[in-house]
Protein chains: 2
Amino acid sequence: MNIGQVSDFSGLPAKTIRYYEEIGLIAPMRGENGYRAFRDTDLHKLTFLARARSLGFTIDDCRSLMALYEDQSRASADVKKLVTQHLQNIDQKLEELTQMRQTLSHLVDACAGDDRPECPILKDLSKKTIG
Amino acid sequence: MNIGQVSDFSGLPAKTIRYYEEIGLIAPMRGENGYRAFRDTDLHKLTFLARARSLGFTIDDCRSLMALYEDQSRASADVKKLVTQHLQNIDQKLEELTQMRQTLSHLVDACAGDDRPECPILKDLSKKTIG
DNA sequence: AATAGTGGTTCCCGTTACTGGAAGGTCAAG
DNA sequence: CTTGACCTTCCAGTAACGGGAACCACTATT
């Protein structure tokens, strides 16, 4: 398979696939013409990567996950640990965003949003952050 | 005031303050010795920036917000519009993260997390993404 | 055979918002 | 006079690609 086909199947842009090769996540063969020649295992890995990335794992996480995936003697505890850690990161981001949302929501509600310059939002922003 | 003082007052690292000068967000004076000489207005701007950044606004947003802040003839509608847009971005991120959280949470629950290799998480990741 | 069009290839720059570190000038204190 | 804290500029690196240039390969048509 050429990169275009693999891109279609995996849903990943060709650019991304080349990048993944560059950083060593995949290692497709090469044809006589210099084109990358992807095998099923490459496609499988890319599918794995696409899914993991869509769940917010970093490339580094993906590297670890793939290593575990290919290690037949892995312990599922190691996988669970990694994913649990990721889940905690997500929870933290959710908290931060929720807090921001809360504050911004109040500010938006307090702003008249008309043609006058008076604006509680700007007033708030010019206040020193507490803490 | 020197950069150290300003850093302490604003809570922003000196590096960040220099960066903000470099990209034109502030324009402190210079003393005879080449040191930056910050005035109250500079400190005020930095406070504004620190607060806006902590609410998740991009640097570009901050630039717009500062311009509005300094424009005495602004319409509060313009401010509200910008902030509302930011709020929508946040809501979208919240949705994405919540969806991830949901999926990951299920996966973690399904994984035994022991010393055996069998792992529903890896099994799921190797499945083709639907859609 | 020439040409056009599509799809490969590499390489390099740009993105966001900084952070780290090197090499060196300045200032106050002992 | 030296030490140490503070300041300066400049350069490189981060995460995960995306855009675009310049160029080669393959297929189909004229």
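Numbers restart at 1 for each chain; the letters A, B, ... are given by sequence-line order, proteins then strands.
- For A:Asn33, there are no side chain to side chain donor-acceptor pair (under 3.5 Å) partners, not counting sequence neighbours.
- The closest donor-acceptor contact from the side chain of A:Ser54 to the backbone of A:Arg51 lies under 3.5 Å.
- Every pair passing ring-ring contact (aromatic ring centres under 6.0 Å, His included) that includes a residue from residues 71-105 of chain A is listed here, sequence neighbours excluded: A:Phe57-A:His86.
- Interatomic distance, CG of B:Leu49 versus NE2 of B:His44, reported as 10.5 Å (0.5 Å rounding).
- With a 6.0 Å radius and a threshold of 12 heavy atoms from other residues, nucleotides or ligands, A:Asp109 has its CG atom above the threshold.
- For the segment residues 88-95 of chain B, the set of residues with a heavy atom within less than 4.0 Å of an atom of DNA chain D is empty.
- Every residue meeting the side chain to side chain donor-acceptor pair (under 3.5 Å) condition with A:Arg116, not counting sequence neighbours, appears here in chain and number order: A:Asp114.
- Checked for salt-bridge contact, A:Asp42 and A:Lys45 miss the test: no charged N lies under 4.0 Å from a carboxylate O.
- When DNA chain C is scanned in the 5' to 3' direction for atoms under 4.0 Å from non-hydrogen atoms of chain B, the outermost contacting nucleotides are C:dA17 to C:dC27.
- With no hydrogens or angles considered, a side-chain donor-acceptor pair links A:Ser73 and A:Asp71 at under 3.5 Å.
- Between B:Leu46 and B:Phe9, every side-chain heavy-atom pair lies at or beyond the 4.5 Å cut-off.
- For DNA chain D, the neighbouring residues in residues 28-37 of chain A, judged by any heavy atom under 4.0 Å, are A:Asn33, A:Tyr35.
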Verify side-chain contact (heavy atoms from CB on, under 4.5 Å) between B:Tyr20 and B:Leu12, making sure each step is shown before the conclusion. CA-CA 10 Å; B:Tyr20 286 172; B:Leu12 293 169; 4.0 Å; yes

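- In summary, contact between chain B and DNA chain D, defined as any nucleotide atom under 4.0 Å from a heavy atom of the protein, begins and ends at D:dC6 to D:dC10 in the 5' to 3' direction.
- Pairs passing the salt bridge (charged side-chain N to carboxylate O under 4.0 Å, His left out) check and including a residue from residues 85-105 of chain B, sequence neighbours excluded, read A:Asp91-B:Arg101, A:Arg101-B:Asp91.
- Among residue pairs with one or both ends in residues 1-16 of chain B, none qualify as side-chain hydrogen bond (donor to acceptor under 3.5 Å, both in side chains); sequence neighbours excluded.
- No side-chain heavy atom of B:Gln72 sits under 4.5 Å from any side-chain heavy atom of A:Pro117.
- Taking five base pairs at each end of the helix from C:dA1-D:dT30 to C:dG30-D:dC1 and finding the rotation axis that steps the C1' atoms of four pairs onto the next four gives two axes whose angle is 30°, to the nearest 10°.
- For residues 19-34 of chain A, every residue pair satisfying the salt bridge (charged side-chain N to carboxylate O under 4.0 Å, His left out) rule, not counting sequence neighbours, is listed here: A:Glu21-A:Arg30, A:Glu21-A:Arg36.
- In this structure, OG1 on B:Thr41 lies 8.5 Å from CD on B:Glu70, to the nearest 0.5 angstrom.
- Under a 3.5 Å cut-off, the side chain of A:Arg74 and the backbone N or O of A:Tyr69 do form a donor-acceptor pair.
- With respect to A:Asp78 and A:Lys81, no salt bridge is recorded, no charged nitrogen being found less than 4.0 Å from a carboxylate O.
- Within residues 11-27 of chain B, the residues approaching DNA chain D are B:Lys15, B:Arg18, by heavy-atom distance under 4.0 Å.
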